[in-house]
Chemist: 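My questions will all concern the structure given below.
Along the sequence shown, residues carry numbers from 1. These numbers come from a predicted model, not from an experiment. These numbers come from the heavy atoms of this one structure, side chains and all, not from hydrogens, waters or symmetry mates.
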Amino acid sequence: MFTKLIDALKATRRTIVFTEGPDARILEATARLKADDLMDVILVGNVDEVKAAAAKGGFDIEGVEILDPATYEGMDEMVAKMVELRKGKMSAEDCAKALSKGNYFGTMLVKMGKADALLGGATYSTADTVRPALQLIKTKPGANLVSSCFIMTRETGDPALQKICMADCAINLSYEDTLDKDGNVKISGAQKLAEVAVESARTASFFGIDPKVALLSFSTKGSGKGGTVALSAEATKLAQAMAPEFAIDGEMQFDAAVSPTVGQLKFPGSKVAGYANTFVFPLIEAGNIGYKIAQRLGGYDAYGPILQGLNAPINDLSRGCNADEVYTMAIITAGMA
């Protein structure tokens with residue numbers, strides 16, 4: 001999976017910013033990235049603190065750029081740009097306060113072209129990584145929301161399922177209609193879920209998966225009622241219309257999605273049923289539980305969450321991550337720039 005990404009990084013030099021510079025896991029990954037000469041790294045934090053933490057861990061970060069919001073020479077320009085971006089929602093004082101924190105400061109480095117990509121979340125929550133991205137980087141044209149997926153890989157089992165995509169397992173709790181001030185539906189929940197399905201197909205394709213997208217439920221082709229069945233069924237129709245170039249089908253149960261026998265029995269004629277490799281869950285509970293079952297019991301390595309729908313590559317780490325995960329997520333994130 002990483003061959004394409006590493007080739008891209010070697011062809012075009014990229015810069016990634018880590019929002020939590022003093023963290024030992026970040027520093028270990030930075031030292032590895034430096035030794036492998038895969039990208040340029042910016043560490044956010046107090047220079048003395050970052051260097052002391054690196055020395056304590058024995059991590060060679062000599063020559064790596066360290067930027068401290070408290071002493072950053074371009075802060076006035078950055079504050080002015082953020083005030084402009086927030087369009088009256090934040091004063092200059094509010095912006096300066098926000099930019100004193102690594103998550104906002106790092107995001108503005110990307111927005112202002114000082115870095116190509118950002119990786120955070122080793123100590124910040126997912127919300128604290130995504131919120132600055134939504135406010136400053138914003139969603140790309142045509143996108144109504146940010147979502148996430150995990151790329152899951154393993155070397156055993158069915159070759160067709162050795163690399164799969166699961167979404168959304170980290171960002172969207174559920175999919176409700178967005179109403180305008182008069183109470184009319186502005187964006188339906190089904191439109192949102194359909195967008196997740198299409199974005200996940202694009203992400204899967206980027207990582208070398210020929211996407212066959214199943215919108216999952218506890219029902220297959222109308223066999224059940226209630227819950228999220230209607231949501232998944234409607235989202236399927238919308239996703240098929242949005243991206244006819246992808247094989248997308250649903251709603252279907254997981255066994256119908258992965259077993260050719262069950263899939264073609266329950267959903268005859270479907271190009272996805274029985275052959276799915278990209279799985280879209282109707283609720284975060286299902287998605288988060290599902291990918292962790294695959295990881296812990298199915299022997300998959302999980303890469304993500306990979307954020308979708310933003311104007312620049314910004315990804316979130318688990319606070320329980322290790323240095324290996326930081327390293328691989330840095331390659332993924334910078335490789336998507």
Side-chain angles (χ1 to χ4, degrees), residues 147-154 157-176 188-205 207 209-295 297-298 300 302 304 308:
S147 61
S148 74
C149 73
F150 281 84
I151 300 297
M152 316 285 291
T153 67
R154 68 180 184 187
D158 184 349
L161 294 174
Q162 287 181 352
K163 186 161 57 175
I164 61 176
C165 176
M166 290 186 163
D168 178 347
C169 309
I171 300 294
N172 295 288
L173 297 179
S174 57
Y175 301 92
E176 284 83 26
S188 72
Q191 284 177 286
K192 296 176 183 178
L193 185 57
E195 188 174 311
V196 173
V198 173
E199 287 297 321
S200 299
R202 290 173 178 153
T203 302
S205 182
F207 285 101
I209 300 170
D210 180 15
K212 297 177 178 59
V213 184
L215 281 89
L216 300 173
S217 181
F218 60 87
S219 163
T220 301
K221 204 178 179 181
S223 65
K225 305 295 180 185
T228 58
V229 173
L231 170 71
S232 293
E234 179 62 21
T236 299
K237 296 176 185 176
L238 294 172
Q240 289 170 337
M242 288 168 60
E245 68 272 22
F246 293 123
I248 302 173
D249 219 341
E251 89 288 0
M252 67 181 75
Q253 294 157 285
F254 191 79
D255 59 348
V258 299
S259 167
T261 302
V262 176
Q264 292 306 306
L265 175 66
K266 290 186 173 184
F267 210 141
S270 170
K271 295 180 180 179
V272 173
Y275 307 102
N277 53 26
T278 302
F279 305 94
V280 178
F281 298 88
L283 293 170
I284 198 171
E285 286 97 335
N288 194 270
I289 292 168
Y291 102 81
K292 288 187 175 179
I293 289 174
Q295 182 183 27
L297 299 182
Y300 281 92
Q308 306 176 141

Chemist: Quick one: closest heavy-atom pair of Ala273 and Phe267, and the distance?
Modeler: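 Reported closest heavy-atom pair: CB-CB, 3.7 Å.
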Chemist: Rounded to the nearest 0.5 Å, how far does CD1 of Ile284 lie from SG of Cys169?
Modeler: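 So the gap between those two atoms works out to 8.0 Å.
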Chemist: Nearest heavy-atom pair of Cys165 and Ile209: which atoms, and what distance?
Modeler: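 Smallest heavy-atom distance, with atoms named: N-CD1, 4.2 Å.
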Chemist: Between Ser200 and Ala167, which heavy-atom pair has the shortest distance, and what is it?
Modeler: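 Minimum heavy-atom separation between Ser200 and Ala167: OG-CB, 3.1 Å.
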Chemist: Which pair of heavy atoms, one from Val280 and one from Ala197, lies closest together, and at what distance?
Modeler: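 Between these two residues, the closest heavy atoms are CG2-CA, 3.8 Å.
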Chemist: Inspect the contact between Lys192 and Glu195 and indicate whether a charged nitrogen and a carboxylate oxygen are less than 4.0 angstrom apart.
Modeler: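 Looking at Lys192 together with Glu195, the answer is no, because their closest N to O distance does not fall below 4.0 Å.
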Chemist: Could you measure the distance from the NZ atom of Lys266 to the OG atom of Ser259? Nearest 0.5 Å is fine.
Modeler: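 Here the interatomic distance stands at 9.5 Å.
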Chemist: List the atom of Ala294, the atom of Met166, and the distance in Å for their closest heavy-atom pair.
Modeler: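 That closest heavy-atom pairing would be CB-CE, 4.1 Å.
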Chemist: Show the numbers, then the answer: is there a side chain to side chain donor-acceptor pair (under 3.5 Å) between Thr203 and Gln308?
Modeler: CA-CA 8 Å; Thr203 302; Gln308 306 176 141; 2.7 Å; yes
Chemist: Say whether, by atom type as modelled, one donor and one acceptor occur between the side chain of Glu251 and the main chain of Ala230 under 3.5 angstrom.
Modeler: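 The answer is no, because no donor-acceptor pair under 3.5 Å joins these two groups.
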Chemist: Distance from Phe218 atom CZ to Met252 atom CE, nearest 0.5 Å?
Modeler: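 The distance works out to 15.5 Å.
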Chemist: Flag the pair Gln295 / Met152 as yes when at least one side-chain heavy-atom distance between them is below 4.5 Å, and no otherwise.
Modeler: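 Gln295 vs Met152: side chains touch.
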Chemist: May I ask you to test the Gln264-Tyr275 pair for a side-chain heavy-atom distance under 4.5 Å?
Modeler: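 Sidechains of Tyr275 and Gln264: in contact.
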Chemist: What's the shortest heavy-atom distance between Ala276 and Ala214, and which atoms?
Modeler: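 Distance-wise, the nearest heavy atoms are CB-CB, 3.7 Å.
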Chemist: For the CD atom of Gln162 and the OH atom of Tyr300, what is their distance to the nearest 0.5 Å?
Modeler: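 Output value for this atom pair is 8.0 Å.
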Chemist: Heavy-atom distance under 4.5 Å between the side chains of Asp168 and Tyr175, does that happen here?
Modeler: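 SC-SC contact between Asp168 and Tyr175 confirmed.
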Chemist: Does any part of the side chain of Asn277, heavy atoms only, come nearer than 4.5 Å to the side chain of Lys163, both counted from C-beta?
Modeler: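 Counting from C-beta outward, Lys163 and Asn277 never come under 4.5 Å.
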Chemist: Report yes if the side chains of Ser223 and Gln253 come closer than 4.5 Å at any heavy-atom pair, otherwise no.
Modeler: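 In short, these two side chains touch, coming nearer than 4.5 Å.
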Chemist: Is any side-chain heavy atom of Ile248 closer than 4.5 Å to one of Val272?
Modeler: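 When only atoms from C-beta onward are counted, Ile248 and Val272 do not touch, as no gap falls below 4.5 Å.
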Chemist: Only one of Leu193, Asp249, Val213, Leu231 clears side-chain contact (heavy atoms from CB on, under 4.5 Å) with Thr236; which?
Modeler: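 Testing each of Leu193, Asp249, Val213, Leu231 against Thr236, the sole residue satisfying side-chain contact (heavy atoms from CB on, under 4.5 Å) is Asp249.
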Chemist: Using side-chain heavy atoms (C-beta onward) and a distance below 4.5 Å, is Phe281 in contact with Thr228?
Modeler: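 Phe281 vs Thr228: side chains apart.
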Chemist: Measure the acute angle between the ring planes of Phe150 and Tyr291, then classify it against the limits of 30° and 60° as parallel, tilted or perpendicular.
Modeler: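 Correct class here is parallel.
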Chemist: Quick one: pull up CD1 in Ile171 and OG in Ser147 and give me the separation to the nearest 0.5 Å.
Modeler: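 These two atoms lie 8.0 Å from each other.
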Chemist: Should the heavy atoms of other residues, nucleotides or ligands under 6.0 Å from NZ of Lys292 be counted, would the total exceed 12?
Modeler: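 Counting neighbours around NZ of Lys292, 12 or fewer heavy atoms of other residues, nucleotides or ligands fall under 6.0 Å, so no.
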